[in-house]
Protein chains: 2
Amino acid sequence: MPDTPETPGPDEPSLDEQIAAYQREFQDLDPQVEKVVSALGRLNRRMNVAYGRQVADLDISNTEWEVLKTLVVSGAPYRLGPGELAKRLGLTPAAMTHRIDRMAGEGLVTRDRDENNRVRVIVELTDEGRTKWLEAMRMASTFEEDLLQDLAPEERVLLGEMLTRLLRRVEDAQPDAGGRLTDLD
Amino acid sequence: MPDTPETPGPDEPSLDEQIAAYQREFQDLDPQVEKVVSALGRLNRRMNVAYGRQVADLDISNTEWEVLKTLVVSGAPYRLGPGELAKRLGLTPAAMTHRIDRMAGEGLVTRDRDENNRVRVIVELTDEGRTKWLEAMRMASTFEEDLLQDLAPEERVLLGEMLTRLLRRVEDAQPDAGGRLTDLD
DNA sequence: GCTTCGAACTTTACTGTTGAAGTCTTCGGA
DNA sequence: TCCGAAGACTTCAACAGTAAAGTTCGAAGC
């Protein structure tokens, strides 16, 4: 039997137990804030595991799926350079080189020199890559619909809106020396 | 200049642009659902980068901080076996062995054989490890407070409650063959 | 009291990522 | 035109993680 990375935290303490433990050690912790943050973290871990399992059925990895998504989002003709891909995925260019190697080998993308500027490289989605993306997307959207099944339509909108507000706070914050999230506007 | 992994997605398309792109390629995508899911993903990526930068000031890595948190949550006397730690962190035991090696070398934890059952190993938080956790927690809670500054107190509670509902859906779902999230109760 | 089984790590080989150095091309002066 | 600097990858060495095999101890049968 393989040493599986094991579904994260099977008998890990519940969210409330976890927060209670933190409060015992660190009194001025705001439990409301901590609940939001901890739930976000756990939710994401679980979701990534679920996505990974699903796309594995298509013989691609979670990381390859990320690349496919990025190319699709860039729109037709589904082309980006390795550097741009790396930036958008938060990877080093070196990692991107290897990832593209693999994916080109699997026929998900092609890698070619830009004839107009021979320093540049163009990574382009193949039809197979586009098909894989579509299949993954279909599976993902089913999963996501299941995940949100307990939320009424208005709640979904509200949740999306609140998360967007948080996102705006992190994304628009200029890299402040002290690491504080500065006021916008 | 080092090849930095670069703050994820500096000029990545906005959330709405991204969703619009998906819809062009995959018509029956529910934009409300997708907005929630994409915002969750992005938020988490940004937050992890931010945490990583903050704890780096304490000379620990994000992954080491995870271990410290897990031990603190377990409560006094802050002891767990490598296997249990691995399970809670979603890692293989092998990875845990190396992580503990490193952390023991840095004085954040101790590693000892259990005298009552010499197959078992006990990882215990040191005072230094506990101090690091506390400092990291202080920085994190400031950041989290900043992050949530645009939400009114009632909104924070509501957000936490909705996220908990989603979490319940993923955590309680039995590993269903088809990957569907089954109905509970 | 052996022996076998199973549990709890550890070790080894391989894969993927980072950080730093190297290569190749383009561009902007001297 | 030629040179130097900058940009865009790629290569290389070190490190972290996974999978699978190995080790060691404890427990359960015979």
Side-chain angles (χ1 to χ4, degrees), chain A residues 1-8 10-11 45 48-49 52-53 55-56 59-67 79-106 108-124, chain B residues 1-8 10-11 45 48-49 52-53 56 60-67 79-106 108-124:
Chain A
M1 203 185 338
D3 260 359
T4 94
E6 202 130 10
T7 306
D11 37 304
R45 231 185 11 158
N48 284 333
V49 172
R53 271 207 267 271
V55 298
D59 292 311
I60 60 175
S61 69
N62 230 329
T63 61
E64 289 173 328
W65 187 37
E66 294 289 335
V67 176
R79 290 182 191 161
L80 287 174
E84 184 60 24
L85 275 170
K87 245 198 292 193
R88 298 200 190 185
L89 293 169
L91 292 178
T92 57
M96 211 56 235
T97 295
H98 296 308
R99 223 134 122 165
I100 294 167
D101 279 351
R102 198 175 350 119
M103 292 181 70
E106 294 166 342
L108 299 171
V109 300
T110 56
R111 181 228 299 275
D112 291 296
R113 289 227 154 249
D114 182 341
E115 283 310 323
N116 300 325
N117 182 342
R118 304 191 39 74
V119 180
R120 290 177 181 280
V121 167
I122 298 178
V123 178
E124 180 172 341
Chain B
M1 200 184 341
D3 260 357
T4 93
E6 203 129 9
T7 306
D11 36 301
R45 229 183 18 157
N48 285 333
V49 172
R53 270 207 267 272
I60 60 177
S61 68
N62 230 329
T63 62
E64 291 173 327
W65 187 37
E66 294 289 335
V67 175
R79 289 181 191 162
L80 287 174
E84 184 61 25
L85 275 170
K87 243 197 292 192
R88 299 199 189 186
L89 293 169
L91 291 178
T92 58
M96 211 55 235
T97 296
H98 295 309
R99 219 132 125 169
I100 293 166
D101 280 351
R102 199 176 347 121
M103 293 181 71
E106 294 166 341
L108 299 171
V109 300
T110 56
R111 182 228 299 272
D112 291 296
R113 289 229 153 245
D114 182 341
E115 282 312 322
N116 299 325
N117 182 342
R118 302 190 43 72
V119 180
R120 289 177 180 280
V121 167
I122 297 176
V123 178
E124 180 172 340

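Just so it is clear: chains get the letters A, B, ... in the order the sequence lines come, proteins before strands, and each one is counted from 1. All values below were derived from every heavy atom in this structure, side-chain atoms included, with hydrogens, water molecules and symmetry-related copies excluded.
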Legend entry - Residues touching DNA chain D, which here means a heavy atom under 4.0 Å, drawn from residues 96-105 of chain B: Arg99(B), Arg102(B)
Legend entry - salt bridge (charged side-chain N to carboxylate O under 4.0 Å, His left out) against Arg120(B), all qualifying residues, sequence neighbours excluded: none
Inset, instruction - With a 4.0 Å heavy-atom cut-off, tell me which residues in residues 108-123 of chain B come close to DNA chain C, sorted by residue number. - result: Arg111(B), Val119(B), Arg120(B), Val121(B)
Inset, instruction - Could you tell me which residues satisfy side-chain contact (heavy atoms from CB on, under 4.5 Å) with Ile122(B), sequence neighbours excluded, listed by chain and number? - result: Arg79(B), Asp114(B)
Legend entry - Non-neighbouring partners of Asp101(A) that pass salt bridge (charged side-chain N to carboxylate O under 4.0 Å, His left out), sequence neighbours left out: Arg111(A)
Inset, instruction - Mind calculating the distance between NZ (Lys87(A)) and C1' (dA8(D)) to the nearest angstrom? - result: 11 Å
Legend entry - Listed nucleotide nearest any side-chain atom of Pro93(A), set dT10(D), dG17(D), dT17(C): dT10(D)
Inset, instruction - Could you list the residues that satisfy side-chain contact (heavy atoms from CB on, under 4.5 Å) with Ala104(B), not counting sequence neighbours? - result: Val109(B)
Inset, instruction - State which residues pass salt bridge (charged side-chain N to carboxylate O under 4.0 Å, His left out) with Asp112(B); sequence neighbours excluded, sorted by chain then number. - result: none
Legend entry - Euclidean distance, atom CD of residue Glu64(A) to atom C1' of dT15(C) [Å, nearest integer]: 12 Å
Inset, instruction - Calculate the interatomic distance between Asn62(B) atom CG and dT17(C) atom C1'; express it in whole Å. - result: 15 Å
Inset, instruction - Tell me, with the steps shown, if Glu124(B) and Leu80(B) meet side-chain contact (heavy atoms from CB on, under 4.5 Å). - result: CA-CA 7 Å; Glu124(B) 180 172 340; Leu80(B) 287 174; over 6 Å; no
Legend entry - Ala94(A), nearest nucleotide to its side chain (from dT11(D), dA19(D), dT17(C)): dT11(D)
Inset, instruction - Name all residues meeting the salt bridge (charged side-chain N to carboxylate O under 4.0 Å, His left out) criterion together with Arg113(B); count only those two or more places apart in sequence or in a different chain, and write none if there are none. - result: none
Legend entry - Between P of dA8(C) and CG of Leu85(B), the distance in whole Å: 14 Å
Legend entry - Whole angstrom value for the distance that separates C1' of dG16(C) from CG of Leu89(A): 14 Å
Inset, instruction - Report the residues that fulfil side-chain contact (heavy atoms from CB on, under 4.5 Å) with Glu64(B), sequence neighbours left out, ordered by chain and then residue number. - result: Ile60(B), Ser61(B), Arg102(B), Met103(B), Glu106(B), Leu108(B)
